[in-house]
Amino acid sequence: LDLKAEDLKHLKELGAGNGGTVSQVMHITTKTLMAKKIIHIDANPSVRKQILRELQILHDCNSKYIVSFYGAFMSDADISMCMEYMDVGSLDNIYKKKGPVPLEIVGKITLAVLEGLNYLYENHRIIHRDVKPSNILVNSKGQIKICDFGVSGQLINSIADTFVGTSNYMSPERIQGASYSVRSDVWSVGITLMELAMGRFPFPPDGSQLTVLELLQHIVNEPAPRLPTGEFPEDFDDFVQQCLIKVVSERPSPNELLVRIFGEIFFYGTFLN
Ligand SMILES: Nc1ncnc2c1ncn2[C@@H]1O[C@H](COP(=O)(O)OP(=O)(O)OP(=O)(O)O)[C@@H](O)[C@H]1O
Ligand SMILES: C#Cc1ccc(Nc2c(C(=O)NOCCO)ccc(F)c2F)c(F)c1
Ligand SMILES: [Mg+2]
């Protein structure tokens, strides 16, 4: 299925972020609903060709926890990426509309995200690099899938060059310039789970407003955030604490967390049931 702009009928805008615009489109000949993301890249033609080449890896990323990919193409200075349309949307919009996410749903999200991250790393050596509520999508079949992971190194660089993107979900080591590891993704999972369970971004504890710089300093210099005591089951609190271990070498990998979840019965008693 080689996708071209003229094969797609624009239906509606779904949202826009820091560098991308996403709209719902219909692939005319197959009548398939898709989400099309456009990223404006002012890079030279050879860089753009390399990005398109690297994006082909997405055709081999097949997991029920990863948004399906249909194809990518260039239209003048823009990259268009067509993927599975997730009709319920992203978790950031869901919790901002419906309030804190019930714990049994947080359990389902935890499994889906860890399985997705583990699949990407174990099968394709891909580290997500941008785990956060807006990159976790839901459809009306109740499926939870991740998207916007760093499949193309060249696209990662081009986005970094063009847009400011210090993510609030960045791990302490990443803020201090260390190289990315899968354990950096686990920190972002921890912050994401706290945010969904609490219904608000967990920094700073007293909910006051910090500038970007103050926030980054807070993440590096202050102890990891904690769920409010007594409001959540101990195993969930403990799980989040594991994700938010500040020393990256002591923080578990997605695989270790999955083994732990499946290895220990007590998880079935509470937030994962
Ligand atoms: N496959 C998809 N199906 C349905 N909606 C989607 C899909 N991909 C993205 N969206 C929606 O489009 C919005 C914009 O996505 P985009 O990735 O451009 O920005 P973001 O993730 O919100 O933020 P940022 O650009 O800072 O990472 C998302 O918030 C999400 O609600
Ligand atoms: C299925 C699927 C799927 C995977 C990755 C991206 N997009 C990206 C992004 C990305 O979209 N980041 O979001 C911020 C910019 O909008 C960043 C790096 C990269 F290599 C990608 F392939 C995507 F669209 C869809
Ligand atoms: Mg996104």
Side-chain angles (χ1 to χ4, degrees), residues 13-22 37-43 89-101 106 109 113 117 127-137 146-150 155-229 231-232 237 240-251:
E13 182 146 337
L14 293 170
N18 154 27
T21 311
V22 184
K37 171 179 269 193
I38 294 184
I39 303 181
H40 179 79
I41 295 289
D42 38 10
S90 54
L91 288 179
D92 60 325
N93 296 333
I94 292 169
Y95 94 76
K96 284 169 188 164
K97 201 163 88 184
K98 316 247 307 202
V101 178
V106 173
I109 294 163
V113 173
L117 292 178
I127 298 170
H128 192 296
R129 296 165 175 269
D130 199 9
V131 175
K132 56 184 175 179
S134 66
N135 288 341
I136 304 169
L137 302 167
I146 57 180
C147 68
D148 294 356
F149 43 89
L155 182 51
I156 291 167
N157 296 341
S158 305
I159 290 175
D161 295 345
T162 323
F163 309 104
V164 70
T166 45
S167 155
N168 294 343
Y169 302 83
M170 240 180 220
S171 58
E173 71 275 4
R174 180 71 192 124
I175 291 168
Q176 297 176 93
S179 61
Y180 242 95
S181 83
V182 280
R183 294 166 200 265
S184 307
D185 280 344
V186 167
W187 170 278
S188 309
V189 169
I191 301 294
T192 297
L193 295 181
M194 276 187 78
E195 179 175 358
L196 298 174
M198 292 166 67
R200 73 169 180 85
F201 185 67
F203 283 108
D206 60 3
S208 61
Q209 270 306 317
L210 293 176
T211 66
V212 170
L213 202 63
E214 286 165 344
L215 175 64
L216 297 179
Q217 283 166 333
H218 185 97
I219 294 168
V220 169
N221 302 324
E222 300 303 318
R226 293 212 59 147
L227 285 165
T229 30
E231 290 182 29
F232 295 94
D237 187 69
V240 168
Q241 283 318 303
Q242 286 289 307
C243 294
L244 298 180
I245 290 173
K246 288 186 74 177
V247 178
V248 58
S249 56
E250 291 167 22
R251 197 184 307 147

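Just so you know, these numbers come straight off a predicted model, no measurement behind them.
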Option among Val189, Leu196, Thr192 that satisfies the side-chain contact (heavy atoms from CB on, under 4.5 Å) test with Ile109:
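By the side-chain contact (heavy atoms from CB on, under 4.5 Å) criterion, Ile109 pairs with just one of Val189, Leu196, Thr192: Leu196.
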Test Asn168 against every option in Leu216, Leu215, Ile191 by the side-chain contact (heavy atoms from CB on, under 4.5 Å) rule and name the one that passes.
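Filter result, single survivor: Leu215.
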Angle between ring planes, His128 versus Phe149, binned at 30° and 60°: parallel, tilted or perpendicular?
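Correct class here is perpendicular.
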What distance separates [X] [atom1] from [Y] [atom2], expressed to the nearest 0.5 Å?
{"X": "Glu231", "Y": "Leu227", "atom1": "CD", "atom2": "CG", "value": "8.5 Å"}
{"X": "Ile219", "Y": "Met170", "atom1": "CD1", "atom2": "CE", "value": "9.0 Å"}
{"X": "Arg174", "Y": "Ser181", "atom1": "CZ", "atom2": "OG", "value": "10.5 Å"}
{"X": "Glu214", "Y": "Phe203", "atom1": "CD", "atom2": "CZ", "value": "13.5 Å"}
{"X": "Ser90", "Y": "Ile146", "atom1": "OG", "atom2": "CD1", "value": "14.0 Å"}
{"X": "Arg251", "Y": "Gln242", "atom1": "CZ", "atom2": "CD", "value": "11.0 Å"}

Between Arg183 and Val248, is there a donor-acceptor pair closer than 3.5 Å when you use the side chain of the first and the backbone of the second?
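Flag not set: sc Arg183 to bb Val248 has no pair under 3.5 Å.
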Donor-acceptor side-chain pairing of Glu13 and Thr21 below 3.5 angstrom
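The criterion, which ignores hydrogens and geometry beyond distance, is not satisfied for Thr21 and Glu13.
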After noting the C-alpha distance and the side-chain angles of Phe201 and Tyr169, does the key distance pass the ring pair (Phe, Tyr, Trp, His ring centres under 6.0 Å) rule?
CA-CA 10 Å; Phe201 185 67; Tyr169 302 83; 5.5 Å; yes
Pairs meeting criterion side chain to side chain donor-acceptor pair (under 3.5 Å) with involvement of residues 216-226, two or more places apart
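Listed once each, the pairs are Arg226-Asp237.
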Applying salt bridge (Lys or Arg N to Asp or Glu O under 4.0 Å), can you list everything that pairs with Asp130, at least two apart in sequence or on another chain?
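Listed in chain order: Lys132.
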